[in-house]
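Naming: A, B, ... by sequence-line order, numbering from 1 per chain. For clarity, every value in this text was computed on a predicted model and none was experimentally measured.
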Protein chains: 2
Amino acid sequence: MATRSELTSALKDAGFRLTPQRTAICAALAAREDHPTAQSIHEELKQQYESLSLTTVYQTLDSLVRIGAIRSLGTAGDDSVHYEPNIEPHINLACLTCHRIRDLESEAVRELEREVSEATGSKVLSGRVVYYSDCLLRADPNECPFSSKVADGTANTFGNVEPKR
Amino acid sequence: MATRSELTSALKDAGFRLTPQRTAICAALAAREDHPTAQSIHEELKQQYESLSLTTVYQTLDSLVRIGAIRSLGTAGDDSVHYEPNIEPHINLACLTCHRIRDLESEAVRELEREVSEATGSKVLSGRVVYYSDCLLRADPNECPFSSKVADGTANTFGNVEPKR
DNA sequence: TTTTTATCTGTAATCATTACAGATTTGTTG
DNA sequence: CAACAAATCTGTAATGATTACAGATAAAAA
């Protein structure tokens, strides 16, 4: 997991100005254990920063992705892009039913990045390694292959449930 | 690369009816060398199938993804989801500037899928292994890290250029 | 053939993400 | 420290890919 200061330093080093908004977004990213969307970050920070604009959240996340400080995983069966604050090479397992993403340690991903680096001739800045489940094809859509306790909201291997829009 | 009959058979085996529309979409997927979007498939087939609906293309692609016959890679810097007809384990390199995706052979990805399969306890149906470039951060946005000949349209390691919407 | 049910089509939403323009900051310079 | 130029923010108004919907069609089964 990236720390708040690692994220803010990355922005600063890349030539971006450090503003209260950006600092708050970095702090939120570092504190969260899940794979937030722009909207969820905005909702969370809106409480303290009344005036924080959703546009600013999008801009900042985009900047962080471009400098390789965080990564964009794409959607998880919903229509929102999920971000990954943890840039340690690993696999992401996404559930298309509950839209949560779980991290899975993997040595093979390190090897992957070496391959990419070699093929492109430059350091890997960003990427997504996501495997998504076939929940949707199952008879009971609540039967999540990553956990059998999604329906009743019981704690499971994922974080909080985010309802489908 | 999947063949047309492999795709149609997959649909049939999964319990879907074989219709002329689905067959045409499968044929288009099998024939293309790039990583098409729903829109590009639709545009291509619209010429022969005047009445083919964009909705049908989306539905069919979604079905194919769900049964694991093709994969969804997410966006490539544009706002469209790109599909991957080639389900042989490999790495995808996406250029955020020209929105094209290149395949890169990789033994490590096979190992990845073994890890995922083991962790989830079931066969891997779908996933995305995409590394995206930092084109956008470069001084000259035309300087694509995967090829230096994007600007003038000269042939390069990617397929055809798809303009940003 | 008749029936049942899946699939198609065209159109009308939906809604995440971006574009924009003016108001605010930030960092810098004298 | 005041003044400036550039970057950043904010709120609102698009944009446009994708999805929802309902009636029309066509596939598989009886």
For [X], enumerate each residue passing the side-chain contact (heavy atoms from CB on, under 4.5 Å) test, keeping only those at least two apart in sequence or located in another chain.
X	answer
A:Tyr58	A:Ala38, A:Gln39, A:Leu54
A:Ala27	A:Arg4
A:Glu6	A:Ala2, A:Thr3
B:Ile87	B:Arg71

Length of the [atom1]-[atom2] vector between [X] and [N], whole Å:
X	N	atom1	atom2	result
B:Leu11	D:dA28	CG	P	12 Å
A:Leu45	D:dC9	CG	C1'	15 Å
A:Asp78	C:dA16	CG	C1'	10 Å
B:Gln39	D:dT15	CD	P	16 Å
B:Asp79	D:dA14	CG	P	18 Å
A:His42	D:dT12	NE2	P	12 Å
B:His99	D:dA17	NE2	P	12 Å
B:Leu18	C:dT5	CG	C1'	16 Å

* To the nearest 10 degrees, what angle separates the axes at the start and end of the helix from C:dT1-D:dA30 to C:dG30-D:dC1, five pairs each? ->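 If I round to tens, the end axes sit 40° apart.
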
* Asked: OP1 or OP2 of D:dT19 less than 4.0 angstrom from a side-chain nitrogen or oxygen of B:Tyr58, does that happen here?
  ->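 No, outside the criterion.
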
* Asked: At under 4.0 Å, does any side-chain N or O of B:Arg22 touch on OP1 or OP2 of D:dA27?
  ->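 No.
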
* To do: Check each of A:Leu11, A:Leu64, A:Thr60 against A:Phe16 using the side-chain contact (heavy atoms from CB on, under 4.5 Å) test, and report the only one that passes.
  =>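 Among the candidates, only A:Leu11 passes.
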
* To do: Under 4.0 Å from any atom of DNA chain D, heavy atoms only: list the residues of residues 50-57 of chain A that qualify, in numerical order.
  =>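 The stretch gives A:Ser51, A:Leu52, A:Ser53, A:Thr55, A:Thr56 as the residues lying under 4.0 Å from the strand, ordered by number.
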
So, using side-chain hydrogen bond (donor to acceptor under 3.5 Å, both in side chains) as the criterion, who are the partners of [X] when residues are at least two apart?
X	result
A:His42	none
A:Arg110	A:Glu88
A:Glu115	B:Ser106
B:Arg114	B:Glu111

* Residue A:Gln59, side-chain heavy atoms: nucleotide from C:dT18, D:dC9, C:dC8 that is nearest ->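 For the A:Gln59 side chain, the nearest candidate turns out to be D:dC9.
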
* Candidates D:dA17, C:dT17, D:dT10 - which lies nearest the side chain of A:Gln21 ->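 Within the option list, the nearest is D:dT10.
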
Got a list of protein N/O to nucleotides 23-25 of chain C N/O distances below 3.5 Å?
none

* B:Ile41 versus B:Ile25, closest heavy-atom pair with distance ->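 Closest heavy-atom pair between B:Ile41 and B:Ile25: CG2-CG2, 4.4 Å.
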
* What is the minimum heavy-atom distance between B:Glu84 and B:Asp103, and which atoms define it? ->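 That would be OE2-OD1, 3.2 Å.
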
Sequence neighbours left out, cut at 3.5 Å: what donor-acceptor pairs do the side chains of residues 43-50 of chain B make with other protein atoms?
{"unit_1": "B:Glu44", "atom_1": "OE1", "unit_2": "B:Arg32", "atom_2": "NH1", "d": "3.0"}
{"unit_1": "B:Lys46", "atom_1": "NZ", "unit_2": "B:Glu50", "atom_2": "O", "d": "3.3"}

